[in-house]
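See below for the structure under consideration.
These values consider heavy atoms only, across backbone and side chains, with no hydrogens, waters or symmetry-generated copies. Keep in mind it's a predicted model, so treat the numbers as computed, not measured.
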Amino acid sequence: MMGISFFTFGLTYLSPGDPAEIMLTECGNVPTPELLEKTRAELGLDKPFLVQYGTWLKGVMTGDMGTSYSMKVPVVDKLVSCFRPTLELALASLVIMVLISVPLGILSAVCRNKWVDYLVRALTFLGVSVPNFWIGLILLSIFGVTLRWVTVSGGSTDFKSLILPAVTLAIAMSAKYTRQVRIAVLEELNQDYVTGARMRGIRERTILWKHVLPNAMLPLVTLLGLSLGSLLGGTAVVEIIYNWPGMGSMAVKAISCRDYPLVQGYVLWIALLYMGINLLVDLSYTRLDPRLKEER
């Protein structure tokens, strides 16, 4: 976290443009040289780099990430307000993705090298190849413009407005996860314990649901954790297409306005989320597979 904070602060410090001038211009003031110097002194921009970083880091340790230049609100408040819509979108897309990819992956593995397997693999290849923004525009054109089931302008966070962006994200993820589920299930079906269970006369359905799936799902937990961390960082393209007020669209606006405190707080926030989610995933391994706990 210290390395990420230093690297992020250094990049924003080296970025072109004067934050004081940008802030004054956003307020509609004419940035005279005297006013610029005064504003820079108030923001601490006239101090050396290490002094600025130390002041900012001290504020971060106490929960103060500064004030947004463009929105004139505390960075922490802005991050919290944008995090809830992003969390709702991330969880909804993950649920839809699991409901699609797990049954299709299992079906493809069980029907290996049959027409069902070829069909599922072709659909996953198509899903991986198609970009998110194209899927989002097509769905918005059909359900927003043609059928008028959703408002094209967006901006709200109700359940009706949540469906299309969640489906857009889930389609691309489902293609990748369906293949991962298929590979994991096939690896388990080739294990010796499956052969032994079949020789003992255990039904194929029992072997699949009670033995194969619990072992096959373990490596997918890591991928789900990484996907959740990525989604919580905000998927900027999808959020902009649907005008979803989440972390991604906020970050794009902050970058375009050169709102350095908000950009720094956003990067630090996402890094913290990634680390926390990865820690929870690692801790969950012993719960999902007791053998790992016994090895320790």
Partner of Val212 by side-chain contact (heavy atoms from CB on, under 4.5 Å), out of Leu186, Ile106, Leu189: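 Only one of Leu186, Ile106, Leu189 forms a side-chain contact (heavy atoms from CB on, under 4.5 Å) with Val212, namely Leu189.
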Non-neighbouring partners of Leu268 that pass side chain to side chain contact (heavy atoms under 4.5 Å, CB included), sequence neighbours left out: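 For Leu268 the side chain to side chain contact (heavy atoms under 4.5 Å, CB included) partners, ignoring immediate neighbours, are Met1, Ser5, Trp56, Val60, Met65.
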Which pair of non-hydrogen atoms, one from [X] and one from [Y], has the smallest distance, and what is that distance?
| X | Y | value |
| --- | --- | --- |
| Val181 | Val102 | CG1-O, 4.0 Å |
| Ala175 | Thr124 | CB-O, 3.4 Å |
| Ala170 | Ser93 | CB-O, 3.6 Å |
| Pro103 | Val98 | CD-O, 3.6 Å |
| Ala271 | Ile4 | CB-CD1, 3.6 Å |
| Ile100 | Ser174 | CB-OG, 3.7 Å |

Residue pair Arg121, Ser108: steps toward the side-chain contact (heavy atoms from CB on, under 4.5 Å) verdict: CA-CA 8 Å; Arg121 289 161 65 182; Ser108 179; 4.2 Å; yes
Aromatic plane relationship, Phe49 with Phe6 - under 30° parallel, 30 to 60° tilted, over 60° perpendicular: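 Correct class here is perpendicular.
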Derivation of the side-chain contact (heavy atoms from CB on, under 4.5 Å) call for Tyr242 and Thr168: CA-CA 10 Å; Tyr242 292 102; Thr168 302; 2.8 Å; yes
Please report the interatomic distance [atom1]([X]) to [atom2]([Y]), rounded to the nearest 0.5 Å.
| X | Y | atom1 | atom2 | answer |
| --- | --- | --- | --- | --- |
| Tyr53 | Thr8 | OH | OG1 | 9.0 Å |
| Leu94 | Leu99 | CG | CG | 11.0 Å |
| Tyr274 | Leu279 | OH | CG | 15.5 Å |
| Met247 | Ile270 | CE | CD1 | 4.0 Å |
| Thr55 | Asp64 | OG1 | CG | 11.5 Å |
| Ile241 | Leu164 | CD1 | CG | 11.0 Å |

Are [X] and [Y] joined in one hydrophobic group, where the rule is that I, L, V, M, F, W and Y side chains link up if heavy atoms are under 4.5 Å apart?
| X | Y | answer |
| --- | --- | --- |
| Val237 | Val128 | no |
| Ile163 | Leu91 | yes |
| Leu11 | Met2 | no |
| Trp209 | Tyr193 | yes |
| Ile240 | Trp134 | no |

Phe143 backbone acceptor or donor facing Thr146 side chain under 3.5 Å: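 No; zero donor-acceptor contacts below 3.5 Å.
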Backbone of Pro85 reached by a side-chain donor or acceptor of Trp244 within 3.5 Å: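 The answer is yes, because a donor-acceptor pair under 3.5 Å joins these two groups.
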Derivation and outcome, side-chain contact (heavy atoms from CB on, under 4.5 Å), residues Met97 and Leu169: CA-CA 8 Å; Met97 182 272 295; Leu169 293 173; over 6 Å; no
Criterion side-chain contact (heavy atoms from CB on, under 4.5 Å) on Arg179 and Phe125, from CA distance to verdict: CA-CA 9 Å; Arg179 292 189 171 196; Phe125 179 79; 3.3 Å; yes
Hey, are the side chains of [X] and [Y] touching, using non-hydrogen atoms and a 4.5 Å cut-off?
| X | Y | answer |
| --- | --- | --- |
| Arg182 | Asp117 | yes |
| Leu79 | Met250 | yes |
| Glu239 | Leu89 | yes |

Qualifying residues under side chain to side chain donor-acceptor pair (under 3.5 Å), relative to Arg84, sequence neighbours excluded: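 By the side chain to side chain donor-acceptor pair (under 3.5 Å) rule, Arg84 matches Glu88.
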